[in-house]
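To start, the structure itself, in C-alpha cells.
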Amino acid sequence: MERKHRTMIELKNILKERILQILGPKYPISMHDLDISYPPDIQMGDLALSFPFKLAKTLKQSPRTIAQQMAPLLCSLEHIHKVEIAGGGYINLFLSRDRFFLNQLEKSEETSLSADETKVIVEHTSINPNKAAHIGHLRNSCLGDTLVRCQQYKGEQVEVQNYIDDTGVQVADVVFGFLEIEKKNLKEIQKIKGRFDHYCWDLYTQTTRFLRDNPEAQDRKADILKNIELGKKPESDVALYVSRQILKAHLRTMKRLGVSYDLLACESDIIILKFWESAFNLLKDKNAAYFVDSGKHKGCWVIKLEGKAEQEKILVRSNHTVTYVGKDIAYQLWKFGLLDADFFYEPFIQQNSQTVWITSSHKTHHKKDFGKASRVYNVIDARQAYPQQVVTQGLKSLKFKEQAEKSVHFSYEMVALSPKSLQELGYNVSEEEQDKDFLEVSGRKGLGIKADDLMDRLEQKALNEVEQRNSDWPAPKKAQTATDIACGALRYFMLKFARNSIIVFDFEDVLSFEGETGPYLQYTLVRINSIFNKLGIKKHAEKESLRSDILSQSLSLNSLPANEQDDYWDLVLHGSQLDEEVLHSTRTLEFLHLAKYTFNLCQKFNAYYHKYSVIQEKDEKIRNLRILIIGYIYNILQKALDLMGIPQPKQM
RNA sequence: ACGCCUGUAGCUCAGCAGGAUAGAGCGAUGGAUUCCUAAUCCAUAGGUCGCCGGUUCGAAUCCGGCCAGGCGUACCA
C-alpha cells in the first residue's frame with residue numbers, strides 16, 4: 001500500500017526504511033550510513049545516496065562498482081521513477097514528480113515534526129531594568145523569539161520567561177543617580193516626561209562617570225544596593241518604580257518586533273521568597289557547596305567545577321550576600337520544578353490578547369502553573385558562558401543529571417559597533433579605538449544604539465520607500481506597511497548571521513531593503529498576493545476553493561512547456577524542505593539555516609515569476625498549474641515568515 | 001598563563017556529524033520595465049578556503065603545530 005508522506009522528512013524516512021529492507025540482507029549497511037542528501041544540480045537527480053563510498057573499504061570494491069550493483073535493486077522503490085549512478089559512486093534518485101507534488105499539496109497544512117518534551121522554557125531578553133534596550137538586546141530577543149516560534153511549530157509546549165534583575169547593581173546605579181546626583185525624590189522622578197528609559201540611559205552613563213571620579217561615593221552606592229535588597233525606603237521604592245517603568249518600556253520596544261512573554265520573573269521575588277535558602281539547603285545537604293575557611297576565598301561558600309582542578313566559584317560572599325550565580329542556580333532549579341519554593345503571580349500587562357504575568361512575593365488569587373520544564377534554554381550572550389557553566393554545574397552537583405543535560409545555554413556573540421558607525425552617532429573616537437575593527441557596546445559608557453532609535457530610523461526609511469511607490473495610500477496604511485517592513489528588516493538581519501559571529505553594526509547594512517533582507521522576503525509574498533488579487537481572489541477561502549477545483553482535474557507537470565518543467569519542479573522540491581530546515585535550525589540552534597532557506601526559496605520564486613506569467617497565460621492547464629505552484633509557495637513562505645516573526649504586508 | 005571562539009571573493013557572511021564544479025548578498029561592470037509592482041530579474045569579473053604538516057579513496061570541513069584577532073578566566077552581572 002502506498003504510504004503518504006507529508007513532507008520531505010517523512011519521505012526520506014520511508015525511503016530509508018525500504019532501502020534498508022532491500023539492501024540490508026545483502027550488504028553490511030546501517031541506518032546511519034543511509035544519509036539522503038541532495039545532488040548539487042537538479043539535473044543530476046532529486047535525492048542522493050552516498051553510502052557506496054562508506055562501504056568501499058569493507059567490501060574492498062570501488063564505490064562506483066558498488067553503486068552499479070545496488071542501483072538496479074532500488075528501481076522498484078516507491079515514489080522513485082529513475083535511479084542513476086553518478087560521479088565516483090553516488091546513487092541519485094529521481095522522484096515521481098506528479099505524485100510527489102500532489103501529495104505535498106494534499107498534506108500542506110500538516111507537519112511531520114513532533115514534541116520531544118513535556119514542557120520547554122525559553123528565557124530570553126532579560127535586560128537589566130535600568131536603561132533603554134540597545135541593539136545587542138535586540139539580537140537576544142530576536143533569536144529567543146525565533147527559537148520559541150520554531151519550538152512551538154515543532155509541537156512543543158513552550159513557556160517564555162524574561163528575567164528581571166530588579167535588585168541588581170545596575171538598578172542601584174540609576175537609583176544612586178536619582179537620589180544623589182539629581183537629588184530627586186520618588187514624586188519628582190514620577191513627574192519626568194518623555195521616554196523614561198532614554199532618560200535613564202543618560203543618567204546611568206552620568207552615574208558611572210560620577211562614581212569613577214568620586215570613589216568615596218562607592219560606600220553610599222553599596223548602601224543603596226543593600227537597602228534595595230532589604231526593601232528599605234526610600235531606595236527600594238525608587239528601585240521598584242524605576243525597574244517597573246523601564247520594564248514597561250522594554251516590553252513596548254519588544255512589542256514593536258512582535259516579541260512577547262508569558263512570565264516576567266523578578267529577582268526581588270526570588271530574594272523575598274527565599275529561593276536561595278531552599279537551593280542552599282539542597283546544595284549543603286548533598287555537599288555540592290562547601291565553606292572555605294582559608295585562602296583567598298576564606299569565609300565564602302563555593303561550588304567546584306567538574307574537570308577543572310582548583311576551580312571554584314563563589315556562591316555566598318564572606319559578607320553573607322549571595323552572588324548572581326547563586327541566585328541563578330536557584331532560579332534554574334525552580335525552572336525544572338526541583339525547588340521547594342514557588343512564586344505567586346499577577347497579571348502585569350495585556351499584550352494583544354495575551355496576558356503577560358509577573359511574579360509576586362504576596363499571595364494572590366491567581367492559580368498559575370509556571371515552571372516545571374523538562375528542557376530549558378537560556379538565551380544569554382557568549383561572554384556569560386562561564387557563569388552559565390556554573391549554573392549547570394549546580395544541577396550536576398545535585399545529581400540532577402538529566403536536567404543538567406537539558407539545561408542549554410543558547411549562546412550568541414555580541415553586537416559591536418564599528419568606529420565608523422560610532423562617528424556617525426557623534427562619539428569622539430580616540431586614536432586607539434580608531435585602529436580597532438569594532439568596539440563593544442557599553443550601556444555603562446552610553447556607547448550604543450538604542451533599540452527604539454534604530455527602529456524609528458528603519459521605519460522612517462521604510463516610510464520614504466512606501467511614499468515613493470504608493471503616494472496615494474491613506475496615511476495609516478503607509479505607516480503600518482512601514483512598520484511591517486522595518487520589523488521584517490531588523491528581524492531578518494538578526495537571524496542571518498551564525499550565533500558565534502560578532503555582528504559589527506553598520507547602518508547601511510541594517511537599513512538595506514534589497515538583496516538578502518527581510519523586505520526581499522516580504523516583497524516576494526506581496527508579489528504572489530498581487531497575482532491572486534488580479535485573479536479576483538482575495539480571501540483564503542476563495543484560494544482554497546480554486547485550489548480544490550484545480551486539483552479535481554487530472555494534472556501533470558508534463559503539460560508544462562519543456563523549459564518550465566525543471567524550474568517548476570525545483571520550486572516544488574525546495575518548498576517541501578521547510579520542516580527539514582526548521583528541525584535542522586532547532587537542533588543546531590542556528591536559525592540562519594531557516595533564514596537562508598527562505599531567502600533561497602524566494603530567489604527561486606522571483607526568478608520563476610519573472611520568466612512565467614500566470615495571468616497572461618492562455619492555456620488553461622498551464623495556467624492552473626502555475627496557480628497551484630504560487631499558492632504552494634505562498635503557504636510555505638507564510639509559515640517561514642511566521643517562524644522568523646517577520647510581518648506579512650499585503651502590499652508594499 | 002590557561003580556556004573558549006574566529007580567520008573563506010574588494011566588503012559582510014554561508015558552507016565545517018568529510019563527498020560531486022567552494023556559494024550568497026553588497027559593491028563593480030554590462031543588460032532587462034508593451035510589466036502578475038524594477039524593494040525584481042539576467043549576465044560578467046572576482047578564491048593559495050590564514051600558514052605548515054598529518055589522517056583518508058576523498059579535507060574549507062577531522063587531528064597536530066604555528067601565525068593573527070576576539071572573548072573569558074572578579075567576594076560584577
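Each chain gets a letter, A, B and so on, in the order the sequences are listed, and its residues count up from 1. Hydrogens, waters and symmetry mates play no part in the numbers below; they use all other heavy atoms, side chains included. Bear in mind that the values here come from a model prediction, so they are computed numbers and not experimental data.
- In this structure R220(A) satisfies the side-chain contact (heavy atoms from CB on, under 4.5 Å) test together with F176(A), L179(A), E180(A), D223(A), I224(A), E235(A), sequence neighbours excluded.
- In this structure, V316(A) reaches neither bases nor backbone, as no heavy-atom distance under 4.0 Å exists between it and the strands shown.
- Using a 4.0 Å heavy-atom distance criterion, F497(A) is classed as a sugar-phosphate-only contact.
- Remark: Q218(A) pairs with L211(A), K221(A) by the side-chain contact (heavy atoms from CB on, under 4.5 Å) rule, at least two apart or across chains.
- Within the 4.0 angstrom heavy-atom criterion, base atoms lie near S318(A).
- The side-chain contact (heavy atoms from CB on, under 4.5 Å) test applied to F53(A) returns S50(A), P63(A), Y90(A), not counting sequence neighbours.
- Looking at heavy-atom distances under 4.0 Å, E413(A) makes no contact with the nucleic acid at all.
- Qualifying side chain to side chain donor-acceptor pair (under 3.5 Å) partners for K596(A), counting only residues two or more places apart in sequence or in other chains: E516(A).
- Both Q384(A) and L49(A) lie near RNA chain B, and the one whose nearest nucleotide falls closer to the 5' end is L49(A).
- Residue-level contact check: T524(A) touches neither bases nor backbone, having no heavy atom under 4.0 Å from any strand.
- Using a 4.0 Å heavy-atom criterion, one finds that A607(A) contacts the sugar-phosphate atoms exclusively.
- K60(A) comes within 4.0 angstrom of nothing in the nucleic acid, heavy atoms only.
- Within 4.0 Å of A86(A), counting heavy atoms only, lies at least one base atom of the nucleic acid.
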With a 3.5 Å cut-off and sequence neighbours excluded, list the donor-acceptor pairs that the side chains of residues 518-533 of chain A form with protein atoms.
from: Y520(A); atom 1: OH; to: N606(A); atom 2: ND2; distance (Å): 3.0
from: Q522(A); atom 1: NE2; to: D484(A); atom 2: O; distance (Å): 3.0
from: Q522(A); atom 1: NE2; to: P647(A); atom 2: O; distance (Å): 2.9
from: T524(A); atom 1: OG1; to: Y520(A); atom 2: O; distance (Å): 2.8
from: T524(A); atom 1: OG1; to: N606(A); atom 2: ND2; distance (Å): 3.2
from: R527(A); atom 1: NH1; to: N606(A); atom 2: OD1; distance (Å): 2.9
from: N529(A); atom 1: ND2; to: Y634(A); atom 2: OH; distance (Å): 3.2

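- Heavy atoms of N92(A) sit under 4.0 angstrom from at least one base atom.
- In this structure, T65(A) and S62(A) approach most closely via the heavy-atom pair OG1-OG, 2.6 Å.
- The residue I503(A) sits apart from the nucleic acid: no heavy atom pair falls under 4.0 Å.
- Residue contacts shown for I528(A) are absent, as no nucleic acid heavy atom lies under 4.0 Å away.
- Inspection of the T125(A) and N162(A) side chains reveals no N or O donor paired with an N or O acceptor under 3.5 Å.
- The residue V169(A) sits close only to the backbone: its heavy atoms come under 4.0 Å of sugar-phosphate atoms, none of a base.
- Using a 4.0 Å cut-off, some side-chain N or O of Q616(A) falls inside it from OP1 or OP2 of rC36(B).
- Residue S501(A) has a polar side-chain atom (N or O) positioned under 4.0 Å from OP1 or OP2 of rA14(B).
- Residue Q603(A) is classed as a sugar-phosphate contact, given heavy-atom separations below 4.0 Å to backbone atoms only.
- The side chain of Y386(A) has rU73(B) as its nearest neighbour among rC75(B), rU73(B), rA77(B).
- If you find the closest nucleotide of RNA chain B to F438(A) and to N606(A), the one lying nearer the 5' end belongs to N606(A).
- Base pairing in RNA chain B gives the following stems of 3 or more Watson-Crick or G-U pairs, range against range and under 3.5 Å: B:1-7 with B:67-73, B:10-13 with B:23-26, B:28-32 with B:40-44, B:50-54 with B:62-66.
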